Structure formats: C-alpha cells, structure tokens
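Hydrogens, waters and symmetry mates play no part in the numbers below; they use all other heavy atoms, side chains included. Just so it is clear, the model here is predicted, and its values are computed rather than measured. All residue numbers refer to positions in the sequence shown, counting from 1.
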Amino acid sequence: MTATADTLASGPGWHVADVICTASAGDRPFEEAHRDFCVAAVTSGSFRYRAQQGTAVLAPGSLLLGNSGTCYECGHEHGNGDRCLSFHFGSAYMDRIVADVPGARTLSFAAPRLPPLQALAPLLAEAEAARDMADTDAFEELALRVAGAAVATLSGDTHAGCNPSRRDQKRVAEAVRRIELDADGLISLPALADETATSPYHFLRIFRQVAGMTPYQYLLRTRLHRAAVRLRTSNDAISAIAFEAGFNDLSTFNRRFRRVMGETPGRYRARRAGRG
C-alpha cells in the first residue's frame with residue numbers, strides 16, 4: 001500500500017484525514033471506491049485522478065471531488081507522491097448543505113476537481129494550518145466550510161455576500177451571548193445551531209457575515225482574551241489560567257496563545273510586569 005491515512009478529527013456524518021501517498025512514476029495507478037462524498041485539498045505533490053465525472057490532474061491548491069459509492073483511479077505518471085487533507089461526508093450531511101446553498105440542485109459533484117481558485121485559497125490555508133498546528137477542534141467548522149465551498153462554487157452561488165436578515169442577526173447575537181456566558185465550557189457548532197433553530201451550515205454562514213469570524217474563532221478569541229487579562233492581573237499559575245479559560249491542556253493553550261498574541265504566556269506575563 002502506497003498511501004496512509006491518519007484521521008485528524010471526526011463527528012456525526014464527517015471525518016477528515018491526512019493522506020500521504022508515496023507512489024512514484026513507475027507504479028501502476030491504483031483503483032479504489034469512495035465510500036462517502038469526498039473533498040480532498042491537495043497540499044503537496046501532484047497526481048492524475050480519474051472518476052465518473054472525468055479525468056483531471058490535481059496540483060497543490062486544487063480540490064478533488066468524489067461522489068459516494070463511485071470508483072476512482074489515481075496515478076503518478078508526472079511525479080512522485082502527494083499529500084492531501086481529505087474531508088469525507090455522509091449523504092445526509094451533504095444533503096443538508098446542498099439544501100442551504102442557493103442554486104445547488106443535485107447532491108452529486110458534476111466535475112472531478114476544482115482548480116486552485118483565489119477565492120478558496122484562504123480557507124485551504126486555514127485548513128492546512130489547523131493540520132500542522134494539530135488544532136483538531138477547528139475541523140468541525142472547517143469540514144462544513146470546505147463542503148459548502150465546493151458545493152457553492154460548482155453551483156455558482158453568488159449569495160454568500162448578501163446582507164443577513166434581522167432574524168439572522170438576532171440569532172447571531174444570541175449565539176454571541178451564549179459564547180460569552182459559557183466560554184469556559186463545551187460549546188459545539190451543532191449545539192449553537194440547534195439553539196437558533198438553523199442548520200449548522202446556515203448558522204456558520206450568517207455568523208461569519210455578522211461577526212466577521214467563525215463561532216470557533218470567536219470562542220477561541222474570547223478564551224484567549226480572558227486568559228490574557230488573568231495573566232496580567234493575577235499571580236495564578238499559567239496552567240490554572242489555561243484550564244479555567246476552557247483549554248484542555250497546557251501545550252494547546254501555549255501554542256494558541258503564541259499564535260494569536262505573538263508570544264508565549266510566560267513572556268507575555270513577564271513583559272507586562274516589567275521583567276521583560
């Protein structure tokens with residue numbers, strides 16, 4: 001077997017894997033079948049992909065599109081190996097997304113791939129960074145966004161920038177208050193969507209439009225802000241501050257604090273105290 005798949009995160013109806021293929025130009029193309037719908041972001045290398053929808057060469061920045069229950073073939077005539085972030089979705093999961101994307105009428109992908117598109121570049125960079133930073137919590141939202149982006153792009157959806165309704169604005173305001181009240185607890189995207197009586201994909205879209213970031217990004221920012229205040233105003237142990245802010249372990253807190261604040265929690269505290 002020339003490919004390995006390491007599951008990074010999963011949830012009801014979806015999972016994402018880091019797939020590394022070591023096939024070379026001299027290896028025969030291999031045939032497999034998509035068990036679920038697949039949207040795979042190519043992060044390095046290139047390969048030829050042949051499926052029911054057609055044949056395409058995939059390079060970094062492109063998206064492989066696979067329909068549930070169909071066979072496909074991959075070959076590496078033009079180079080050795082590749083690496084992909086492979087998102088997999090059950091039919092019910094995809095059906096809900098298609099229902100929420102204006103202009104989308106069918107559940108199946110009509111094309112074998114999406115080429116590298118400027119509009120998708122920030123999302124794919126965010127997904128690759130989540131993989132490299134081991135930010136598994138981010139993939140719940142990223143799975144929805146990647147699936148929705150593929151469906152919307154193929155359907156020609158031009159409604160993504162429309163102003164949200166007053167009702168949707170109220171829903172987001174309620175979700176923001178919920179995050180502010182319970183930032184140190186367990187808050188999931190499906191739970192927030194259920195509380196506002198919307199589908200997860202629709203809720204994610206309107207939240208980004210109203211708040212300028214995703215619910216997970218808002219939750220993370222809230223937790224880090226509160227931790228930064230505690231670091232500045234108390235002498236509590238950094239580990240205690242991290243756990244009370246809602247982080248499960250100290251290494252995760254240190255990594256995310258440094259990424260957002262530009263320095264480690266210890267350095268941040270020392271500099272604010274005049275010791276740095």
Specify the closest pair of heavy atoms between [X] and [Y], including all atoms of both residues, with the distance to one decimal.
| X | Y | value |
| --- | --- | --- |
| Ser234 | Arg269 | O-NH2, 3.0 Å |
| Tyr268 | Ala228 | CE2-O, 3.5 Å |
| Ala104 | Val151 | CB-CG1, 3.7 Å |
| Asp249 | Ser251 | OD1-OG, 2.6 Å |
| Pro112 | Gly54 | CB-O, 3.8 Å |
| Phe253 | Pro265 | CE2-CG, 3.5 Å |

Using a 4.5 Å cut-off on heavy atoms from C-beta on, say whether the side chain of [Y] contacts that of [X].
| X | Y | value |
| --- | --- | --- |
| Thr70 | Phe37 | no |
| Pro29 | Arg48 | yes |
| Leu123 | Leu142 | yes |
| Phe207 | Asp168 | no |
| Tyr216 | Asp135 | yes |
| Val19 | Thr4 | no |
| Leu154 | Leu114 | yes |

Crowding at [atom1], [X] (>12 non-hydrogen neighbours, <6.0 Å):
| X | atom1 | result |
| --- | --- | --- |
| Arg35 | CZ | no |
| Gln169 | CD | yes |
| Arg230 | CZ | yes |
| Asn235 | CG | no |

Validation: residues 85-103 side-chain donor-acceptor distances under 3.5 Å, sequence neighbours left out:
unit_1 : atom_1 : unit_2 : atom_2 : d
Ser86  : OG     : His88  : NE2    : 2.8
Asp100 : OD2    : Ser199 : OG     : 2.2

Quick one: side chain to side chain contact (heavy atoms under 4.5 Å, CB included) partners of [X], sequence neighbours excluded?
| X | answer |
| --- | --- |
| Ala23 | Thr2, Cys21, Asp27, His76 |
| Leu117 | Pro115, Leu120, Thr153 |
| Ala121 | none |

Side chain of [X], backbone of [Y]: donor and acceptor closer than 3.5 Å?
| X | Y | value |
| --- | --- | --- |
| Asn67 | Phe109 | yes |
| Tyr49 | Leu65 | yes |
| Arg50 | Thr55 | no |
| Gln217 | Thr214 | yes |

Exercise. Check the pair Leu231, Ile241 against side chain to side chain contact (heavy atoms under 4.5 Å, CB included), reporting the backbone distance first and the verdict last.
Key: CA-CA 8 Å; Leu231 287 168; Ile241 292 174; 3.8 Å; yes
Quiz item: Is there a ring-ring contact (aromatic ring centres under 6.0 Å, His included) between Phe247 and Phe243 once you walk through the steps?
Solution: CA-CA 5 Å; Phe247 294 93; Phe243 295 138; 9.4 Å; no
Could you give the distance from [atom1] ([X]) to [atom2] ([Y]), rounded to the nearest 0.5 Å?
| X | Y | atom1 | atom2 | result |
| --- | --- | --- | --- | --- |
| Asp137 | Leu220 | CG | CG | 9.0 Å |
| Thr43 | Arg83 | OG1 | CZ | 5.5 Å |
| Ile206 | Lys170 | CD1 | NZ | 11.5 Å |
| Cys84 | Leu58 | SG | CG | 7.5 Å |
| Leu250 | Arg255 | CG | CZ | 10.5 Å |
| Tyr201 | Leu144 | OH | CG | 8.5 Å |

Cluster link [X] to [Y], ILVMFWY, side chain under 4.5 Å:
| X | Y | result |
| --- | --- | --- |
| Leu107 | Leu63 | yes |
| Met133 | Val146 | no |
| Met213 | Val172 | yes |

Quiz item: Got a sec, which residues hit salt bridge (Lys or Arg N to Asp or Glu O under 4.0 Å) with Glu140, two or more places apart in sequence or on another chain?
Solution: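 Residues passing salt bridge (Lys or Arg N to Asp or Glu O under 4.0 Å) with Glu140: none at all.
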Self-check item: Aromatic plane relationship, Tyr72 with His34 - under 30° parallel, 30 to 60° tilted, over 60° perpendicular
Solution: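 Parallel: the ring planes of His34 and Tyr72 meet at under 30°.
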Self-check item: Asp6/Arg131 salt bridge by N-O under 4.0 Å criterion
Solution: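 So Arg131 does not pair with Asp6 through a salt bridge.
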Quiz item: Below 4.0 angstrom, N of the basic side chain to O of the carboxylate: do Arg145 and Glu141 qualify?
Solution: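 Salt bridge flag = no for Glu141 with Arg145.
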Practice problem: Test side chain to side chain contact (heavy atoms under 4.5 Å, CB included) on Glu32 and Glu73 and set out the steps. | Solution: CA-CA 6 Å; Glu32 291 191 42; Glu73 179 185 272; over 6 Å; no
Between side-chain atoms of residues 175-197 and protein atoms elsewhere (two or more places apart, or another chain), which donor-acceptor pairs fall under 3.5 Å?
unit_1 : atom_1 : unit_2 : atom_2 : d
Arg178 : NE     : Glu195 : OE1    : 3.1
Arg178 : NE     : Glu195 : OE2    : 3.0
Arg178 : NH1    : Asp182 : OD2    : 2.9
Arg178 : NH2    : Glu195 : OE2    : 3.1
Glu180 : OE1    : Arg226 : NH2    : 3.1
Glu180 : OE2    : Tyr218 : OH     : 2.6
Ser188 : OG     : Ala191 : N      : 3.2
Thr196 : OG1    : Leu192 : O      : 3.2
Thr196 : OG1    : Ala193 : O      : 3.0
Thr196 : OG1    : Thr198 : OG1    : 3.2

Practice problem: Could you walk me through whether Glu128 and Leu124 pass the side chain to side chain contact (heavy atoms under 4.5 Å, CB included) test, one step at a time? | Solution: CA-CA 6 Å; Glu128 189 170 351; Leu124 300 186; over 6 Å; no
